[in-house]
Amino acid sequence: MTDLWGDIVSNPIKTPVSILREQGSLLEQKTDGVLTVKVTTNPNIFADQSFDFSFIISVPSLNYQYQLFSISHDISIYPVKFYVQTDIVDEEKTIAKDEAEFLKTLEQILKSPKTQGILNALLSQSVTA
């Protein structure tokens, strides 16, 4: 049989979803498991063959979840589109053209006063549970 595929070389890169999962693990460690993160795959409702993920902070003791943001990208991975409330990050900064911009935008989201307030509120609520 003739091989028409040629050489298939895997050149793995760190994907946005793997970065989100790493950050979720860090939050779980920092809060001793009081807060957890689920990175869920969203159904592709647009039939555009994009990859769509949500970053959800959970409080297991309260059976509560808060979707902080979601992302979407096509098969080429970058650019990544962030869907996030504008009071968390500037609207102009919602598209990351490469990993460096992705990390910068993600850091702005996670360190924003709004996100920090959400984390504080969730931690406070979990104490009373």
message = Looking at Ile13, I'd like to know if its CD1 atom is crowded, meaning that more than 12 non-hydrogen atoms belonging to other residues, nucleotides or ligands lie closer than 6.0 Å.
response =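 Atom CD1 in Ile13 is crowded, with more than 12 foreign heavy atoms closer than 6.0 Å.
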
ask   = Is atom CG of Asp3 surrounded by more than 12 heavy atoms (other residues, nucleotides or ligands) closer than 6.0 Å?
value =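 Enclosed: over 12 neighbouring heavy atoms sit under 6.0 Å from CG of Asp3.
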
inquiry  = If you compare all heavy atoms of Lys38 against all heavy atoms of Ser58, which two are closest, and at what distance to 0.1 Å?
reply    =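 Residues Lys38 and Ser58, closest heavy atoms: CE-OG, 3.7 Å.
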
message = If I compare all heavy atoms of Phe55 with all of Leu20, which pair ends up nearest, and what's the gap?
response =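 Looking at all heavy atoms of both residues, the closest pair is CE1-O, 3.5 Å.
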
Within residues 112-123 or reaching into it, pairs that qualify as side-chain hydrogen bond (donor to acceptor under 3.5 Å, both in side chains) - sequence neighbours excluded =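 Sorted result for residues 112-123: Asp87-Lys114, Ser112-Thr115.
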
task = Give every residue pair that meets the side-chain hydrogen bond (donor to acceptor under 3.5 Å, both in side chains) criterion with at least one member in residues 23-36, sequence neighbours excluded.
result =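 For residues 23-36: none.
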
request  = Give the C-alpha distance, both sets of side-chain angles, the deciding distance and a yes or no for side-chain contact (heavy atoms from CB on, under 4.5 Å) between Val59 and Tyr66.
outcome  = CA-CA 9 Å; Val59 187; Tyr66 184 92; over 6 Å; no

Taking the side chain as C-beta and beyond, is there a heavy-atom pair between [X] and [Y] under 4.5 Å?
X: Tyr64; Y: Ile57; value: no
X: Ile77; Y: Thr15; value: yes
X: Val84; Y: Thr105; value: no

key: side-chain hydrogen bond (donor to acceptor under 3.5 Å, both in side chains) evaluation trace for Ser72 with Asp52   = CA-CA 4 Å; Ser72 179; Asp52 304 306; 2.5 Å; yes

task = Look at the side-chain heavy atoms of Ile, Leu, Val, Met, Phe, Trp and Tyr, link any pair under 4.5 Å apart, and say whether Leu62 and Val34 land in one connected group.
result =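 Same cluster: Leu62 reaches Val34 through Ile, Leu, Val, Met, Phe, Trp or Tyr contacts under 4.5 Å.
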
Would you give the length of the straight line joining atom [atom1] of [X] to atom [atom2] of [Y], rounded to the nearest 0.5 angstrom?
X: Ser50; Y: Lys81; atom1: OG; atom2: NZ; answer: 12.5 Å
X: Leu68; Y: Ile118; atom1: CG; atom2: CD1; answer: 5.5 Å
X: Gln125; Y: Leu35; atom1: CD; atom2: CG; answer: 11.5 Å

task = Could you go through the side-chain contact (heavy atoms from CB on, under 4.5 Å) check for Ile56 and Val39 one step at a time?
result = CA-CA 6 Å; Ile56 301 167; Val39 179; over 6 Å; no

request  = Go through Glu99 and Tyr78 one step at a time and tell me if the side-chain contact (heavy atoms from CB on, under 4.5 Å) criterion holds.
outcome  = CA-CA 8 Å; Glu99 184 178 338; Tyr78 291 99; 3.5 Å; yes

message = Any side-chain to backbone donor/acceptor pair from Glu107 onto Leu103? Under 3.5 Å, distance only.
response =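 It does not hold such a pair.
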
request  = Identify which one of Phe51, Tyr83, Phe82 satisfies the ring-ring contact (aromatic ring centres under 6.0 Å, His included) criterion when paired with His73.
outcome  =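 That would be Phe51; it is the only one of Phe51, Tyr83, Phe82 passing the ring-ring contact (aromatic ring centres under 6.0 Å, His included) with His73.
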
key: Lys104 to Phe102, cation-pi by 6.0 Å centre distance and 45° axis angle   =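 That pair does not qualify as a cation-pi contact.
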
